[in-house]
Structures are given as structure tokens and as C-alpha cells.
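All residue numbers in this chain count up from 1 along the given sequence.
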Amino acid sequence: MFGRNLHQLRRYRHIVAVLGKYGFQEASEAARDRFPFSFLGWFRRRRGKKPVQRHSRPVRVRLALEEMGPMFIKLGQLLSTRPDLIPKEYIRELEKLQDDVPPLPSREIIQELEHHLEDSIDSLFAEFDREPLAAGSIAQVHYGRLPTGEEVAIKIRRPGIVETIRAEIGILRDITNLLRIILFEDSEIDVQQMVEEFSRAILQEADLNHERQNLTRFRLNFQNDQTVRIPAFYRQFCTEGVLVMEYIHGLRPGTREDMLQAGLEPLTISENGTRFVLSQIFEHGLFHTDPHPGNLLIMENNVLAPLDFGQVARLGRGDLQLMNEMMVAIVDNDADILMRALDRHNMLSERTDENRLRGQMEAMLANYYGLPLAEIPFNELFAEIFDIIRNNHIRPPRQFTLMLKAMLTTENMATTMNPDYNIIEHLQPYAKRYRLRAMDPRNLSRNVRNAARGASELAARLPDDLNSIISKARTGKFQMRIHHEHLNELSDTLNKSSSRISFALIITGLLVSSSMLVPQDGTLLQLVTYQQLGIFGYLAAAMLGIGMIISIIRSRS
């Protein structure tokens with residue numbers, strides 16, 4: 001227990017040292033208030049050192065996350081998929097974060113492999129390359145060959161990484177206020193909830209059984225698609241710490257010239273990639289949240305082979321409905337459709353000014369009205385939408401934002417190979433299909449039946465609910481619970497104020513009692529005179545007073 005606490009203390013000191021180094025003194029001050037004794041010595045040593053201020057704030061955030069370690073890099077990568085939370089200049093920098101760490105010595109990784117598969121490596125594989133193909137903060141991948149001759153990619157989780165992740169999550173939970181200061185200065189974002197989402201995502205990614213399950217679903221969804229190759233896996237070699245997959249031969253996506261030189265067709269690759277992503281979203285409701293080029297290979301005949309399935313999200317019917325309503329509103333230049341959609345999906349907050357929001361939407365839609373779908377710049381359009389979301393305190397569902405970000409990433413990759421490419425024309429068939437589906441008599445009758453069922457259930461429960469409310473009110477047991485978003489801050493302020501009042505009363509008591517003791521003659525228990533007691537009281541009151549003044553000055557600075 002002591003060793004763990006000592007490790008956490010060192011990590012806290014390192015984190016605050018990095019924040020100070022990159023010019024986030026406000027975060028350092030918050031850390032000093034949170035851990036006054038732990039960081040006192042550090043602040044004395046650091047005083048006078050100049051922070052790194054030559055870069056912009058987004059660049060300094062990226063550099064700080066890189067220096068704070070792999071889990072903070074993972075956090076930055078997660079945030080890079082959330083343009084609804086942070087501005088685009090931060091997104092651009094956080095997208096540069098690479099999850100590259102020094103590989104573990106082969107002896108350690110082989111021990112972990114043998115531990116999970118309960119056999120020696122010579123018995124398990126006919127060939128095992130000790131040099132990794134890739135090394136990340138959670139796992140590293142090695143080339144191998146099975147005794148039956150199949151080439152495989154062997155993904156092995158780093159030893160002790162789950163325990164490390166849990167410890168780092170505990171630290172993240174402790175420093176949510178620092179994250180708010182450096183990333184979300186004037187935002188009402190629930191940073192604690194964001195950290196919890198990250199915690200669930202990173203722990204799922206560390207469970208390779210979870211990735212195998214995702215792989216199974218994708219293989220089932222695309223088993224008849226000849227333009228996509230989902231790697232097979234070998235169940236007998238798979239555990240929560242090991243995933244053995246088919247080894248894929250292919251090229252990383254590159255520029256148009258790179259693809260042409262390799263004998264591939266950039267336009268076909270772009271179309272296959274777009275169809276693959278849109279099929280995940282609109283047909284299967286299960287999609288890869290980070291389809292960047294590092295997670296993809298291009299095989300012969302322009303076939304796509306996605307590689308990493310640790311990060312996926314599931315879409316509900318409401319998410320797809322919201323996306324389709326947005327497309328209809330853009331085509332029809334109708335801000336009312338968007339306003340109703342946002343309201344229906346509970347995305348408007350108490351701070352949203354609906355008149356201001358409507359005006360911004362109308363101005364945005366007017367910029368693109370009348371343009372053919374193929375000429376609407378998808379990147380610019382959705383960058384504007386995300387700006388409106390942030391500036392008007394709109395709260396979209398997390399998976400909806402990840403869906404839009406996945407499409408943006410796909411278009412960026414496609415335009416690298418084909419500068420004239422535009423994903424919106426590929427969205428048009430899905431928008432038309434949505435309109436036809438909405439007018440389908442079977443869907444209309446189902447909606448009517450659902451509405452009637454809901455109304456009848458409400459009517460059936462109403463007498464019992466009213467009777468319960470009246471009974472509780474009659475017996476004095478009726479309670480109302482009200483949650484105030486900033487009540488914790490008010491509570492902290494009141495606690496600080498009451499503490500200062502208590503100190504002030506103690507100081508006053510010391511001064512009064514000392515003033516009464518100093519003129520007195522005699523001794524107390526033959527040990528100390530009353531005058532000396534009075535002087536001690538004055539000194540104690542002075543020290544407490546100085547401490548309280550320093551505390552007040554710090555809280556105002």
C-alpha cells in the first residue's frame with residue numbers, strides 16, 4: 001500500500017511538473033490547492049524556472065500529454081475524436097499523437113504469451129519473429145507461423161498493463177479539475193463523466209477477448225463483401241491477453257502516386273473505403289470509431305483489410321434518424337427540421353439560446369443551399385456544425401459524434417488519393433432510403449401502434465401514480481429531489497468561508513485571552529508565568545492570521 005501511494009505521489013509530481021513546464025501555471029496552482037503538502041517542496045524547487053511558451057496552447061497541450069505518458073496519449077487520442085467537445089485547432093494537434101512506445105524485450109513478451117496459452121512457444125508456433133511488427137502502449141504484434149503453415153499476426157498484451165491502467169485511471173479521476181483547466185476552460189462539460197467514458201474504453205481495448213468478439217461481428221457483417229477482407233482468427237490461440245489473427249499482406253494507404261505505382265486504383269480504393277464505412281454505420285449499426293490509415297491495409301484488386309478492432313461503437317435507431325434528418329435539412333435548406341431534431345433528441349441544454357442557434361443554422365444552410373451534393377464540402381460543412389454545437393452548448397450523443405468523425409477521417413483518407421473526392425454524394429442514397437422508409441405504410445402503422453401502446457400504458461398507470469402521490473403527500477412522506485449543477489462549487493465555497501470564520505474566531509479568542517493574561521502576576525502550575533502565556537497567545541494568533549491572509553491572497557490570484 002505504501003509503495004503504491006509513493007508511486008502515485010511521484011506520478012502527481014511528474015504530471016504537475018510537466019504542466020508547469022508547458023506554461024499551465026493555473027493547473028499547477030490548482031494542484032497546489034489539491035495537494036498542498038505533497039507539492040510544497042516541488043514548488044520551491046521550480047520557482048524561477050521559465051515555462052515553455054514558444055508554442056501555441058494546442059501544441060503545448062499535445063506536448064504535455066506526450067510527456068505525461070502512454071495513458072495520457074490515449075486520452076488525447078480519444079479527445080481527437082470528439083470535435084463536439086474541443087475546438088478544431090486542438091483536434092488537429094491531438095490527431096498527431098502516436099501510440100508508439102519502445103517494444104518490450106522478446107523474453108518478457110514470450111513469457112506473457114506462454115503464460116496465457118499455457119504451453120511453450122516452440123510447441124505453439126513453427127516460427128515466431130522476436131522483432132515486433134508494431135508496439136503500442138497496450139500490446140505489441142509479432143509475426144508468426146502456425147505448425148499447420150498459416151501465417152499469423154500475434155497480438156500480445158503487455159505484462160501488468162491492466163494494473164497500470166487501473167492505477168492511471170485513479171490518477172486521472174483525481175486530476176479532473178486540472179484537465180478542465182487546460183482543455184475545457186469555459187465549458188460546462190462533465191469532465192468526470194468524460195474520464196469514466198475513457199476508463200471504460202481503455203479497459204475494453206485491453207481485453208483482447210473483446211476485440212475478438214468485435215472481429216467476429218465484422219466478419220459476419222461483411223462475409224459477402226468482396227471489396228473487404230476481415231482477418232480470420234484462431235480461437236484456440238485467443239485469450240484475454242493474446243489474439244492470433246490471419247497475417248495480411250498489403251500496403252498502407254498513401255497518396256495517389258503511391259497507389260498508382262503499386263498497381264492499384266486510387267478511385268476504386270476511395271469508393272470501397274467509403275462504402276465500407278457507410279455500410280458499417282447505416283446497414284449494420286456497428287462501426288470502427290478510428291478508421292485512420294494506420295489501421296488499414298490495401299490488398300491486391302483494391303481490397304481493403306482493416307486490422308485493429310479494439311475501438312468500435314454501436315449506433316441506435318435514434319442516431320441514424322438524427323443523421324438522416326441533418327442530411328434532409330441540408331438538402332431542403334430547412335433549419336426547423338434541425339431544431340426539431342435537436343429538441344427531440346434532448347440535445348439542447350439550459351444554456352442554449354434557441355433564437356441565436358436558429359440564426360446560426362439558417363446562415364450555415366444558406367451557404368450550401370442550391371449546390372449539387374457532389375459540390376458540398378463535407379469537411380467544411382461538418383466543421384461548421386461542430387462549431388455550432390460547441391458554441392451553443394448542445395450535447396450530442398457520444399456515438400453520434402464518433403460516427404461523424406469516422407466519416408470525416410474516411411473522406412480525408414479518400415481525398416489524399418483522389419483530391420476531387422466527396423463523400424456526400426455517397427450519402428445521398430442513404431438519405432433517399434430513409435425518406436422512403438419513413439413513408440412506408442408498414443413503418444407508419446408500426447409507429448401508430450407504438451404510440452397507441454405507450455398512451456394506453458400511461459393511462460393505465462395514471463390512477464395508481466396519482467394515488468401514490470396523494471398518499472405520500474397526506475402522510476408527509478412526499479419528497480422532491482432537485483439537482484443543481486454547480487451545487488458542489490457552492491458547497492466548497494461555504495466550507496472555505498466557514499473555515500475562515502472559525503479561524504477568525506480562534507484568533508479573536510487568543511487575542512482577548514492574551515490581553516487579559518499579560519497584565520496578570522503569578523505562575524501557572526509553577527511552570528510558566530501568565531505574562532508568558534499571554535505572549536505565546538499573541539504569537540499563535542499572529543501565525544494563524546498570517547496563514548489566513550496568505551490563503552485568501554492565493555484563492556483570489
Please tabulate, one pair per line, all N/O donor-acceptor pairs under 3.5 Å involving side-chain atoms of residues 251-260, not counting sequence neighbours.
| residue | atom | partner | partner atom | Å |
| --- | --- | --- | --- | --- |
| R252 | NH1 | G294 | O | 2.6 |
| T255 | OG1 | D258 | N | 3.3 |
| T255 | OG1 | D258 | OD2 | 3.0 |
| D258 | OD2 | T255 | N | 3.2 |

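- Annotation: Q261, atom CD; neighbour count of heavy atoms from other residues, nucleotides and ligands within 6.0 Å does not exceed 12.
- Remark: side-chain polar atoms of Q140 are not paired, donor with acceptor, to backbone N or O of A135 under 3.5 angstrom.
- For CD of E118, the number of neighbouring non-hydrogen atoms (other residues, nucleotides, ligands) closer than 6.0 Å is 12 at most.
- Side chain of T352 to main chain of E354: no donor-acceptor pair is present (N/O by atom type, distance under 3.5 Å, no hydrogens or angles).
- Proximity of a side-chain donor or acceptor of E362 to a complementary backbone N or O of A335 within less than 3.5 Å is not detected.
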_Could you go through H284 and F222, starting from their C-alpha distance and side-chain angles, then the distance that decides it, and tell me whether this counts as ring pair (Phe, Tyr, Trp, His ring centres under 6.0 Å)?_
CA-CA 10 Å; H284 304 295; F222 292 93; 5.0 Å; yes
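- D308 is linked by a salt bridge (charged side-chain N to carboxylate O under 4.0 Å, His left out) to K155, counting only residues two or more places apart in sequence or in another chain.
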*asked:* Show, in sequence, the C-alpha distance, side-chain angles and deciding distance for Y143 and F128, and conclude whether the ring pair (Phe, Tyr, Trp, His ring centres under 6.0 Å) test is met.
replied: CA-CA 6 Å; Y143 171 84; F128 181 87; 9.4 Å; no
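- Taking both residues in full, the closest heavy atoms of V162 and A206 are given as CG2-CB, 4.5 Å, listed atom of the first, atom of the second, then distance.
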*asked:* For a salt bridge (Lys or Arg N to Asp or Glu O under 4.0 Å) check, start with the C-alpha distance between E325 and R340, then their side-chain angles and the critical distance, and finish with the verdict.
replied: CA-CA 10 Å; E325 286 170 336; R340 287 195 299 270; over 6 Å; no
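- A distance-only check finds a donor-acceptor pair linking the side chain of N302 to the backbone of E265 [under 3.5 Å].
- Of the possible polar contacts, none joining the R358 side chain to the M339 backbone as a donor-acceptor pair under 3.5 Å is found.
- No donor-acceptor contact under 3.5 angstrom links the side chains of Y90 and E95, judged on distance only.
- Put simply, the side chain of R390 gets close to the backbone of P83: a donor and an acceptor are under 3.5 Å apart.
- Side-chain atoms of H115 and L113, non-hydrogen and from C-beta on, never get closer than 4.5 Å to each other.
- Counting heavy atoms from C-beta on, the side chains of F233 and V244 never come closer than 4.5 Å.
- Remark: side-chain polar atoms of N301 are not paired, donor with acceptor, to backbone N or O of V303 under 3.5 angstrom.
- At least one donor-acceptor pair under 3.5 Å links the side chain of S349 to the backbone N or O of H393.
- Dense packing is recorded around CZ of R145, with more than 12 heavy atoms of other residues, nucleotides or ligands lying under 6.0 Å away.
- Within 6.0 Å of CD in E300 there are 12 or fewer heavy atoms belonging to other residues, nucleotides or ligands.
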